Enquirer: 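Attaching a single structure in structure tokens format; questions to follow.
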2 protein chains.
Amino acid sequence: MVPDLEKLDTITLEKPAKVKKIRLTQKAIVAAAATLFAHNGFGATSLEDIAGELGVTKGALYYHVKNKEEILRLIFMTVLTVSEEPLRRIVEAEIPPAEKLRRAIEHHTAVAADRSPAMTVFYREQPHLTGPFAREIVLRKKAYERYFEQIVEEGIKSGDFRPDLDPKIVTFGLLGMCNWLSQWYKPNGQYSQQQIATMFANLLQNGLTYP
Amino acid sequence: MVPDLEKLDTITLEKPAKVKKIRLTQKAIVAAAATLFAHNGFGATSLEDIAGELGVTKGALYYHVKNKEEILRLIFMTVLTVSEEPLRRIVEAEIPPAEKLRRAIEHHTAVAADRSPAMTVFYREQPHLTGPFAREIVLRKKAYERYFEQIVEEGIKSGDFRPDLDPKIVTFGLLGMCNWLSQWYKPNGQYSQQQIATMFANLLQNGLTYP
DNA sequence: TAAAAATTTGAACGATTGGTAGAATTCTAC
DNA sequence: GTAGAATTCTACCAATCGTTCAAATTTTTA
């Protein structure tokens with residue numbers, strides 16, 4: 001297996017997506033797999049597809065990765081590691097609930113837009129995880145949703161938000177809103193993710209109709 | 001000792017008593033497939049899985065269905081046929097935009113809740129469609145979204161909705177909200193789909209904060 | 001440069017896949 | 001009951017899957 005120093009690799013902003021020669025690393029495998037899984041699904045993507053995308057034979061993958069499911073596990077891990085910590089900091093910050101919600105939406109939108117393929121896989125291929133890791137994902141997913149609920153609850157308690165809406169439903173609603181980005185968002189589209197996040201926050205806080 | 005192996009074999013070969021005796025029809029195949037596709041994905045679901053769910057061998061499926069992709073096509077068709085026409089009627093009705101939006105949300109929420117497995121497949125397995133049908137789906141999907149955009153545009157023109165929100169973004173937002181139902185909605189949960197739809201419409205029209 | 005270590009290849013494996021065709025069975029109408 | 005149609009089963013195919021592993025190759029080290 002491979003030494004851990006790979007994880008300290010610099011983040012590659014540009015990706016020669018096609019059959020160019022990339023240095024084969026765990027990170028490169030995970031990135032390529034995320035794109036293919038997002039596009040064709042986990043079950044319909046073969047290891048040969050992934051290897052072909054990286055310009056190697058599928059046997060080479062097994063030097064960096066234990067098996068196919070580990071690739072999926074690593075995708076889930078990357079999503080969690082970029083999602084959880086920033087949200088936790090927002091929730092624990094000492095700012096008004098409305099501001100918390102705005103920042104939380106901005107954060108989640110940014111993750112959904114930046115990590116679009118991995119995010120798509122995250123919400124699509126959960127059933128293919130097995131063993132203890134599958135259970136861990138369920139818990140951390142719930143904990144993530146719980147953060148949003150907390151913000152809404154806090155806003156209701158402080159009198160900033162209306163109390164006639166169930167925080168759970170509101171959370172599901174806004175998460176659906178953001179997660180749906182992966183279905184339509186294009187990086188070179190009309191609006192930046194920041195602008196979209198602002199619109200979403202604006203829509204959720206003030207509504208569509210005039211006061 | 002060899003004989004024990006034989007005993008194990010006979011035990012293993014016994015029929016799994018999960019067999020439901022339903023009359024095999026195209027509709028039954030599509031329904032069973034939708035559930036399995038939604039749960040395990042199109043690529044990871046075999047025709048033997050579907051046949052087994054119906055208490056039949058996979059050969060029998062081919063009498064009612066041309067191939068695996070046709071099953072997928074039929075799932076898409078069922079979603080479209082229950083979605084499009086009612087929405088069209090709502091858009092063309094002579095009622096205020098706010099009322100239209102409320103009914104449209106109720107309609108789409110109901111579809112997402114009632115046809116949950118088929119709906120999940122609809123938004124998940126589109127890449128597995130090929131040929132002219134794939135292109136048709138893209139167009140009809142866009143037309144469906146366009147109906148929502150129309151409602152929002154109409155509301156802005158009439159002065160009922162705020163003009164500073166792009167109808168496209170609002171549409172993506174509310175569709176994401178509703179479609180996300182398939183990820184968490186349970187028919188026996190705390191709220192009925194009607195109640196959830198009301199909350200969504202309420203949230204979208206009036207917002208989270210007090211006026 | 002040569003030995004050692006790291007990485008990739010290429011072939012092979014057992015299992016499973018979607019799909020086919022003819023035999024076997026069940027159902028329907030007379 | 002029996003013929004004939006409708007339906008399902010059995011057996012098989014070629015392709016592809018994830019995975020393994022010794023050999024070949026490339027990279028690093030000395």
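None of the values given here were measured: they were computed from a predicted structure. Note on naming: letters A, B, ... go to the chains in the order of the sequence lines (proteins, then strands), and numbering restarts at 1 for each one.
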Enquirer: Does C:dT17 have OP1 or OP2 under 4.0 Å away from a side-chain N or O of B:S46?
Expert: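 Yes.
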
Enquirer: Can you measure A:I50 atom CD1 to C:dT8 atom P for me and round it to whole angstrom units?
Expert: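 The distance from CD1 of A:I50 to P of C:dT8 comes to 15 Å, rounded to the nearest Å.
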
Enquirer: Rounding to a whole Å, what distance do you find between B:Y62:OH and C:dT20:C1'?
Expert: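 From B:Y62 OH to C:dT20 C1': 9 Å.
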
Enquirer: Quick check: are there more than 12 heavy atoms from other residues, nucleotides or ligands sitting under 6.0 Å from CZ of B:R102?
Expert: yes

Enquirer: Would you kindly give the CD-to-P distance between B:Q26 and D:dA6, to the nearest whole Å?
Expert: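 These atoms are roughly 16 Å apart.
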
Enquirer: Starting at CG of B:L24 and ending at C1' of C:dT25, how long is that distance when rounded to a whole Å?
Expert: 15 Å

Enquirer: Toward the 5' end of DNA chain D, which comes first, A:A60 or A:T45, by nearest nucleotide?
Expert: A:T45

Enquirer: Within this structure, what is the OH-to-P distance between B:Y63 and D:dT7, rounded to whole angstrom?
Expert: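 Result: 4 Å.
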
Enquirer: Has B:K168 got more than 12 heavy atoms of other residues, nucleotides or ligands less than 6.0 Å from its NZ?
Expert: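 At most 12 heavy atoms, drawn from other residues, nucleotides or ligands, come within 6.0 Å of this atom.
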
Enquirer: Name the residue closer to the 5' end of DNA chain C, choosing between B:L47 and A:L61 according to the nucleotide with the nearest heavy atom.
Expert: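 Closer to the 5' end of DNA chain C: A:L61.
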
Enquirer: Starting at NZ of A:K66 and ending at C1' of D:dT19, how long is that distance when rounded to a whole Å?
Expert: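 About 12 Å, once rounded to whole Å.
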
Enquirer: CZ of B:R23 versus P of C:dT26: gap in Å, rounded?
Expert: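 Rounded to the whole Å, the gap is 16 Å.
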
Enquirer: Would you indicate, yes or no, if C:dT8 has its OP1 or OP2 atom less than 4.0 angstrom from a side-chain nitrogen or oxygen of A:H64?
Expert: yes

Enquirer: Whole Å only: how far is the NZ atom of B:K58 from the P atom of D:dC9?
Expert: 13 Å

Enquirer: Hey, are B:E145 and B:K141 close enough for a salt bridge, meaning a charged N less than 4.0 Å from a carboxylate O?
Expert: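 No, no charged N to carboxylate O under 4.0 Å.
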
Enquirer: With distance as the sole test, does A:K100 use its side chain to make a donor-acceptor pair with the main-chain N or O of A:V91 at under 3.5 Å?
Expert: yes

Enquirer: Hey, does B:T57 reach any base, or is it just sugar-phosphate, or nothing, if we go heavy atoms under 4.0 Å?
Expert: base

